[in-house]
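The figures that follow rest on heavy atoms only: side chains count, while hydrogens, waters and symmetry mates do not. This structure is a prediction, so every number in the text was calculated from the model and none was measured.
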Amino acid sequence: MENLPKICVDTTDAFMTTERFGTREEVIRWIKEVGIDNKVTVIISRSDTETGKRGRSNKIIFGCDKGGKHKISDSGTQSASKKCGCPFKIRSTPAKDGFGWKIDVKCGLHNHGLPDRLEGHSFIGRLTTDEKQHVADLAKRHVAPRNILLSLQDKFPENVTRITQVYKHKSVIEKEIRGPRSEIQHLFKLIEDAGYVYWSRKKDDSEVVREIFWAHPDSVKLLNIFPIVLVMDSTYKTNKYRQPLFEIVGMTSTGLTFAVGFAYMESEQTENFCWVLEKLKELFVKKDMCPQVILTDRDLALMKAIEVVFPNSINLLCRFHINKNVGAKCKQHVVNDLQKTIDTLWMEVVWASDEVEYGQRLHQLEQACVDYSGFINYVKDTWLTPHRHRFVGP
């Protein structure tokens, strides 16, 4: 004990007891409850059951969750860890007289401070029956997990659950609702029950779904009323299957947006996009109807698919994405003092009103970037030369 640091908390008296416990489970429950009352997260360091072999006898060794040392990985790097070699140790074994289990506090000291509230440990943060029901009630009302956590802390002041436990319990609830169905089977059921319009296709000679496209009936009505402008984009790695979710959004005459349809895709190849866009085309009541303008980012496979399926539509590129990429490239190549100036010159190129002004603004940008060939070459080769007609101009 001489090597303990200055921070030293003694919890020996809290765990000292002459009480005998009838079963192993009663010992564990008592130890952990006392730990909670004293802001100590007690874990089972070792648990042996008598098997008749030498050295194997009934015993439980309890420790602090900060006990032990963090292992260094093979790469030689050491990540952050709460372990600090805490010496806290309690041993529990069956009494020699055969009457229950006894507790022996080997070391009640901690080489770290104890928190005001216990948070972050799975045992301490687990939900009670009432808390689980509260999570279930809010989840049914589609309350966001972060707001469920706030509601839990408001209704149960002693609750120390973290957002992880909320997500885990939501997963349990969803699994119970889904029953024996797989996730994709349950998705099909929900789509059919809600009366969505949908299509799907499978891989050849298998039950594996490649793509699925679905749209709400009200969205189909809005699409046929406001077919002028569509916005298309994919979200990446936001689901457990790491597949892109392709979203199509429409725009009303008052500038408001509405969801047209969604699609999970096997990959983002031109062929996959063509299938999705063909299904989108089937949503139009008039077969010769098509969007006048389709706004996308610079996804070359999607742009090619639009040319194939909607050859009469104008495919424009999103300036927000372009300016974000150009800005990031500018920070890589240009010194800080000139970044704001070049950013302003770039915006003047983008908003040029005619060919003459475009040429003048581009010349000014080239002059400012005379020492930054990497940046100006990127701007020309990636954006201006092949795609300026898709985003330059008012």
- Message: What verdict does the side-chain hydrogen bond (donor to acceptor under 3.5 Å, both in side chains) test give for Ser47 and Arg24, after you've listed the backbone C-alpha separation in whole Å, the side-chain angles of each residue and the deciding distance to 0.1 Å?
- Response: CA-CA 10 Å; Ser47 179; Arg24 175 189 296 260; 2.8 Å; yes
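A salt bridge links Lys203 to Glu266: at least one charged side-chain nitrogen sits closer than 4.0 Å to a carboxylate oxygen. With respect to the salt-bridge test (charged N to carboxylate O, under 4.0 angstrom), the residues Arg46 and Asp48 qualify. The residues Arg201 and Glu278 are annotated as not salt-bridged, no charged nitrogen and carboxylate oxygen being separated by less than 4.0 angstrom. The pair Arg178-Glu174 does not meet the salt-bridge criterion, since no charged nitrogen lies less than 4.0 angstrom from a carboxylate oxygen. Using a cut-off of 4.0 Å between Lys/Arg side-chain N and Asp/Glu carboxylate O, Glu26 and Arg29 are scored as not salt-bridged. With respect to the salt-bridge test (charged N to carboxylate O, under 4.0 angstrom), the residues Asp297 and Lys324 do not qualify.
When hydrophobic clusters are built by joining Ile, Leu, Val, Met, Phe, Trp and Tyr residues whose side-chain heavy atoms come closer than 4.5 Å, directly or via intermediates, Val260 is not grouped with Met251.
Below 30°, between 30° and 60°, or above 60°: for Trp30 and Phe15 the angle between ring planes is above 60°, a perpendicular geometry. By the 30° and 60° cut-offs, the orientation of the rings of Phe375 relative to Tyr378 is tilted. A perpendicular orientation is assigned to the rings of Phe246 and Phe273, their planes being inclined by more than 60° (bins at 30° and 60°).
Aromatic rings of Tyr198 and Phe188 (six-membered ring for Trp) have centroids within the 6.0 Å cut-off, being under it.
Between the side chains of Asn58 and Trp101, no donor N or O sits under 3.5 Å from an acceptor N or O. Remark: the Glu211 side chain and the Asn272 side chain contain an N/O donor-acceptor pair separated by less than 3.5 Å. Under the 3.5 Å distance criterion, with hydrogens and angles disregarded, no donor-acceptor pair is assigned to the side chains of Asp130 and Thr128.
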